[in-house]
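In what follows, every heavy atom counts, from backbone to side chain, and hydrogens, waters and symmetry copies are set aside. Per chain, numbering begins at 1; letters A, B, ... match sequence-line order. None of the values given here were measured: they were computed from a predicted structure.
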Amino acid sequence: VILTSLYVAGFGRLTERRFAFSSGLNVVFGPNESGKSTLANAIVATLYGAERKKETWRPWNGSAFATTLVYELAGGEQIEVQRDFDRDAKGLHVYDRAGNEISGRLPGQRLIPGEAHLGVPLEVFLNAACVKQQAIAIDEGKGAAPIAAHLARALDGGPREDAALGAIARLDEALRTHVGSGRARKNAPLRALRARAELQQEKVDAAHARLAALDGLRDRLQRAAHERDRLTTAAAEAERRLRSLRAGAIDKRLANLRDFRAELAELQADHAAYADVAGFPAERESEIEEAFYAWEATQAAVDSAASDLDSAALSEAERSELAQRRRDAGSIDDATFEALKAANARAHAARATASTAAREAAAARADADGGSRRTLVLGGGIAAACVAIGFAIAHSWLWTALAVVLAVLGLGAAFSQHRERTARERSAQEKQRCADDALNAECAASNAVDAVLDSLGIDGFEELLARRARLADLLARKRNAERCADRVRSARTAAAVAGARFDRLAAAVSPKLGGERAARKAAVNAQAARRRERDGIDAHLHALEMRRSTILGSDDEYALESERAALGRDGVDYSEDDASGGIRAVESERNSIAEALRSARDAHARLGGELAGLTAQVDDIAELDEELARTRADVARIEAFERAVTLAKSTLEQRTRESHQAFARRLEDYAAAALGAITAGRYGEIFVDPASLAIRVRVPETRAIADLDAISAGTRDQAYLVVRFAMARMFAEGFETPPLLLDDPFAYWDAVRIERCLPIIEYGARDGQAILFTSSQELADTAARRGAHRVDLPEPALV
Amino acid sequence: VRVRLQGAVARGTRVDRDLLAERCGARLASLEVIDKTLAADYAKLALAPNVRGHVVRDLLAGAQAGDADAERALSYVVAAFEGEEIAP
């Protein structure tokens, strides 16, 4: 872009002024406060707008706040920009050489001619193409740091001098402050947030675990509530059944009361019918009966005794026989009878002895008569002796010995039998004599007995015994009859006493009674029976009274009727279906249900309290979840922040490195050409550190690379100018080459420095346009002499 | 209530969503503030032939491709160049 003219209708102190510029170097000379900076700013404001500094540049004299700038593009196209600053965007118009407005054809959302034609925004234009007052006024002894700062600001962009490196540092600081590094011990917000999130997660898990543990208790509580509700329903049902049964019981008791009254009236009528025996002593009936039966027993004893007497009395014949026996058998006393008895016994004994002795004597005689067997034995012995003799003769000695033995045995046996026969004959004779003695004694005793009995006309001792027995029997019967007679007398006396006692008792209980004792007893029995019946009625009446008490109990009839009426009003009716088990069973059931209900309520309340207590010990999960969610959101936010800042930083570092390295290469090329031409080849190498943007040069004398601070101020000025021109040209690559506006950068330079640097400016303006604003007459003159287009500004008016 | 903030904010302005929600949402059941403001005219910055322009161009491309980190990184890198506070 080559600025050709600028018309200022009103801009700051400039009013109605027109300036013309040419390509190459232009020098605008004017003393201080003549409007050099105003002119430079008018150019910039016309291209990019005044924006926030509009009021700063409002015309002092109140003229129209407008400018018109004409410039040519590299392609030869002429552009005229008319700007009325008071109308802002509406006051901007762009025309082509033919006067056609081309505002609508310019690119960009907003109409900014500088951006549209120069291709760079205002900030870049200012950093790259504008050099402010004294920006290059580097005094001797002052470091080269400002040069690096200007370079950085121009290369990196942004309003701050530290530019990209500062931005990286601030991004680092933001990461350290809000994220923290992994190795930081104190300031590690993200790690602390993650730790807090983990801790909160553990709390949430623990709270959930505790709540899960309470599920069992909740189940028990729910079961207790169900049991309580069930028992409440059961209690209501039991109460209803009880009231129904109560109504039924009252109905039954009232009916029983009515039955009781009817029965009472009937019994009272019956009781009146037994008024005649009211005073009868029924308790004495047994006494009277006992007296009657005693009399009756004694009377029976009299009859029995009389009967016995009749049977025991002796008949006339017997009494006569008794008298006869007393005379014969009874005349023998007991001593005589005993003597007779002994004599009779002796006679019998002698008779028996005589018989025995006679039989033994006969036997002994029979034994003595047995001689044939003895003869046979004797004959045998003799025969054997003869045989022995014979064998001896025959000299048969053996047989001889045998025959001798037989002969000895036979002869010995015959001798022995002879002696036994002799003894038996003597024994038989002795026994015969004894039998004779006994027969004599028997005859004597029999004669003595017969002598006594014959006088009494008794035949034998056995007859005497029979008569004595008959006498004894008759005497016994006579004594028995006498005892029976005594019994009859005693029984008759007892019967008279018993009858008198009965008569007395019967007369005492019923004086009007008469007749036989049996009839009187029956009458007494009848009266006693009536009296017992009356007593039974009395007992029944008493029982009825007790039944009334049983029916009513502690209630009264009116209270029962009132209660029944109340139950009826409540709609309670007795139902047979409710009668199973009875009222006591239902009452028992109701009481047990009520007890169970109390227990269920207590259990429910206890479990509820326990659950509430345990639940209160559990942290609020919703609050914990919210805290955890907030912490996680904070973690996510910080993590997103970390990723974004890291991305920004890495992108910035990469682009900074690339840009600085590219600029370093471009600067070296440009510096080699520019310094070589200006310094006649003495300085030709300038280096830029891509990291710090520190500028170094190769010293021709030593060929060493030295920092800019280490070389002379003149060389440093030159190096800086080279850097600025190189920077402007580099930014212009691909775009229009911007005009370089130097706003009195060499304000206090001397002639030597002007002489040293002016060629560099001319070199920079060689392919474009540079406008040097200066208050130095010497610089303006020198530039003019060297071919620069000169514009003079008038002296400022004195106020 | 969901509030979406759009457009470019003045230089040096930082949109604090939490503070806005706290101040404006006291009478609301819920107030969500969605910050879609632009700290600068990124498209314009992306045209600058300097480091910031290159960075903004790179990140803007990522943001337009749906990279939320790139979108946030844009605001942070511009704030870093401006020297403003960089906070999540």
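- For B/A70, the parts sitting under 4.5 Å from any heavy atom of chain A are the backbone and the side chain alike.
- For chain B, no part of A/L175 is nearby; none of its heavy atoms comes within less than 4.5 Å.
- One finds the OG1 atom of A/T646 at 11.0 Å from the OH atom of B/Y76 (value rounded to the nearest 0.5 Å).
- A/L647 contributes atom CG, which lies 10.0 Å from atom CZ of B/R72 (distance to the nearest 0.5 angstrom).
- Within a 6.0 Å sphere centred on CZ of A/R637, other residues, nucleotides and ligands contribute more than 12 heavy atoms.
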Start with the C-alpha distance between B/R52 and A/D156, add both sets of side-chain angles, then the distance that settles salt bridge (Lys or Arg N to Asp or Glu O under 4.0 Å), and finish with yes or no.
CA-CA 6 Å; B/R52 186 175 67 172; A/D156 299 343; over 6 Å; no
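- Here the closest non-hydrogen pair linking A/A164 and B/V51 is CB-CG1, 4.1 Å.
- One finds the CD atom of B/E85 at 11.0 Å from the CD atom of A/E173 (value rounded to the nearest 0.5 Å).
- Distance alone, capped at 3.5 Å, is enough to place a donor-acceptor pair between the A/H178 side chain and the B/I86 backbone.
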Please test B/K44 against A/I112 for side chain to side chain contact (heavy atoms under 4.5 Å, CB included), starting from the C-alpha separation and ending with a verdict.
CA-CA 11 Å; B/K44 182 179 175 182; A/I112 302 176; 4.0 Å; yes
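- Most heavy-atom pairs under 4.5 Å with chain B: of the set A/E115, A/H660, A/E658, this distinction falls to A/E115.
- When each of A/S659, A/P121, A/A169, A/A644 is scored by its heavy-atom pairs under 4.5 Å with chain B, the top score falls to A/A644.
- For the pair B/E84 and A/R170, the minimum side-chain heavy-atom distance is 4.5 Å or more.
- Shown are B/N50, B/L59, B/V56, B/V55; of these, the side chain to side chain contact (heavy atoms under 4.5 Å, CB included) with A/R655 is made only by B/V55.
- For a residue to count as touching a neighbouring chain, one of its non-hydrogen atoms must lie under 4.5 Å from one of that chain's; by this rule A/L155 touches chain B with the backbone only.
- Neither the backbone nor the side chain of A/Q654 comes within contact range of chain B; no heavy atoms are under 4.5 Å apart.
- Contact count versus chain B (heavy atoms, under 4.5 Å) is highest, among A/V120, A/T656, A/I638, A/L652, for A/L652.
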